[in-house]
Every structure is written in C-alpha cells, then in structure tokens.
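These values consider heavy atoms only, across backbone and side chains, with no hydrogens, waters or symmetry-generated copies. These figures come from a predicted structure and were not determined experimentally.
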Amino acid sequence: MRRTTVTAVAATALLLVSCGTQSGDDGGAVSPPTTAACASNVQLSADDDGHTVCVTKGGQVRLTLDGTRERPWKPVTATGGALRATNAGIVVLPGDATAAYDALATGTAKLTSARPLCPQSSSPGHVSCQGIQEWTVTVRVR
C-alpha cells in the first residue's frame, strides 16, 4: 500500500512539473501558451518591459509609455504579422508614446520603443549621456 502511494505522489509531481510552466526565451518561467491564459484586451505600460503577454485572436493590445519632453519615447513598432496597428487616439503629453493593435492572426509579435536615459542637453559645453532605455514586449496571439 505504501509503495502505491509513493508512486502516485511521484507521478502527480512529475505531471505538475511538466505542465505547470515552461522556460521563456530569457530563461525565466512563463505561463503555458493556452487560450485560457489569454485576454481579449491587454493594456501595457513601461512597467511591462521584458514581459510576454497573450491576447486572443480578434482582441486588442493598447499601450501608453509615459515620457517627458526631455526624455521622449520613440513611436512604438511591431514585428510580424500577428498584430495590425489601429487608431490609438492622440498623444496628450509631449514625450509620451501610445499605440493600439488588433490581434489579427495567430502568431507572435514584438513591440519595441526606446528613449534617452537622461535629458538631452541643448546647451553647448554641457555633458549629456548617450544611453538608451529600450522597451520590448512579446505578444502571443492565440
């Protein structure tokens, strides 16, 4: 009886480990790519940098990156054919970037933008850094 219980517990543990998570491109754990884990509408911000999100086909991804006049975000770009840009509205504050995408087809897309790490000096003789803050989110459409 004890041997059967140990075998059942071991089998259950193995099943949970193999189904629970999978390794992402960056070595971190990500949720399994199932439709149940996908949302029909996804809202992104600068805090989502480096994340992977899932949206259902026919859904929408919207994002706002809050910047400043001195450290403006570049317009967001998307790779792949899974997303199609749509009207995101207008940018109210200088330096912000907004974008919206319809989840057009099953697949993966990468959204990217960048901005200066420090304010750009327009005064001659003043030092300014040349660093760039990059923002990237992977979007899976299911």
Side-chain angles (χ1 to χ4, degrees), residues 3-142:
R3 185 175 183 182
T4 304
T5 303
V6 171
T7 303
V9 169
T12 302
L14 181 60
L15 180 63
L16 289 174
V17 168
S18 65
C19 293
T21 60
Q22 59 186 352
S23 179
D25 294 346
D26 62 356
V30 295
S31 299
T34 63
T35 304
C38 295
S40 60
N41 291 299
V42 175
Q43 180 67 45
L44 301 172
S45 69
D47 292 338
D48 295 305
D49 180 36
H51 292 171
T52 298
V53 298
C54 186
V55 62
T56 55
K57 185 176 171 184
Q60 192 172 71
V61 176
R62 298 184 75 78
L63 66 102
T64 301
L65 301 175
D66 294 326
T68 64
R69 186 181 307 272
E70 296 79 23
R71 294 184 57 217
W73 286 102
K74 292 187 186 261
V76 177
T77 60
T79 62
L83 299 176
R84 179 185 62 207
T86 188
N87 186 353
I90 58 171
V91 176
V92 177
L93 299 173
D96 288 358
T98 61
Y101 297 91
D102 291 326
L104 191 62
T106 301
T108 302
K110 228 177 237 302
L111 302 176
T112 59
S113 185
R115 71 177 181 163
L117 272 177
C118 23
Q120 300 299 305
S121 175
S122 60
S123 302
H126 286 96
V127 177
S128 69
C129 74
Q130 297 299 313
I132 300 290
Q133 176 185 0
E134 295 180 336
W135 180 87
T136 302
V137 170
T138 302
V139 178
R140 291 195 174 114
V141 178
R142 303 268 184 237

N/O donor-acceptor pair under 3.5 Å between R71 side chain and P116 backbone: yes

R115 side chain reached by E134 side chain, heavy atoms, under 4.5 Å: no

Minimum heavy-atom distance between A105 and G81, given as atom pair plus value: CB-O, 4.1 Å

Pairwise side-chain contact, W135 with D47, heavy-atom cut-off 4.5 Å (strictly under): no

Flag side-chain contact, heavy atom, 4.5 Å: K110 against V137: no

Nearest non-hydrogen partners of A37 and C54, listed with the distance: O-CB, 4.4 Å

Closest approach of Q43 to L63 (non-hydrogen atoms, all atoms of both residues): NE2-CA, 3.8 Å

Validation row: L111, L83 side chains within 4.5 angstrom (heavy atoms): yes

Approximate separation, where rounding is to 0.5 Å, of D102 CG and K57 NZ: 12.5 Å

Pair Q60, N41: side-chain N/O donor-acceptor within cut-off below 3.5 Å: no

Nearest non-hydrogen partners of A100 and A88, listed with the distance: N-CB, 3.6 Å

Y101 vs V139 side-chain heavy atoms within contact, under 4.5 Å: no

Side-chain donor or acceptor of T98 paired with backbone N/O of T64 under 3.5 Å: no

Heavy-atom donor-acceptor pair, D49 side chain to A46 backbone, under 3.5 Å: no

T77 side chain to T112 side chain, donor-acceptor N/O pair below 3.5 angstrom: yes

4.5 Å side-chain heavy-atom contact, L104 and V141: no

Pair V61-L44, side-chain contact (heavy atoms from CB on, under 4.5 Å): steps then yes or no: CA-CA 7 Å; V61 176; L44 301 172; 3.7 Å; yes

Contact check, side chains of L65 and D96, non-hydrogen atoms, under 4.5 Å: no

CD-SG distance between Q133 and C118, expressed to the nearest 0.5 angstrom: 11.0 Å

Donor-acceptor pair between S113 and K74 side chains, under 3.5 angstrom: no

Verdict with reasoning, T56 to S40, per side-chain contact (heavy atoms from CB on, under 4.5 Å): CA-CA 5 Å; T56 55; S40 60; 3.7 Å; yes

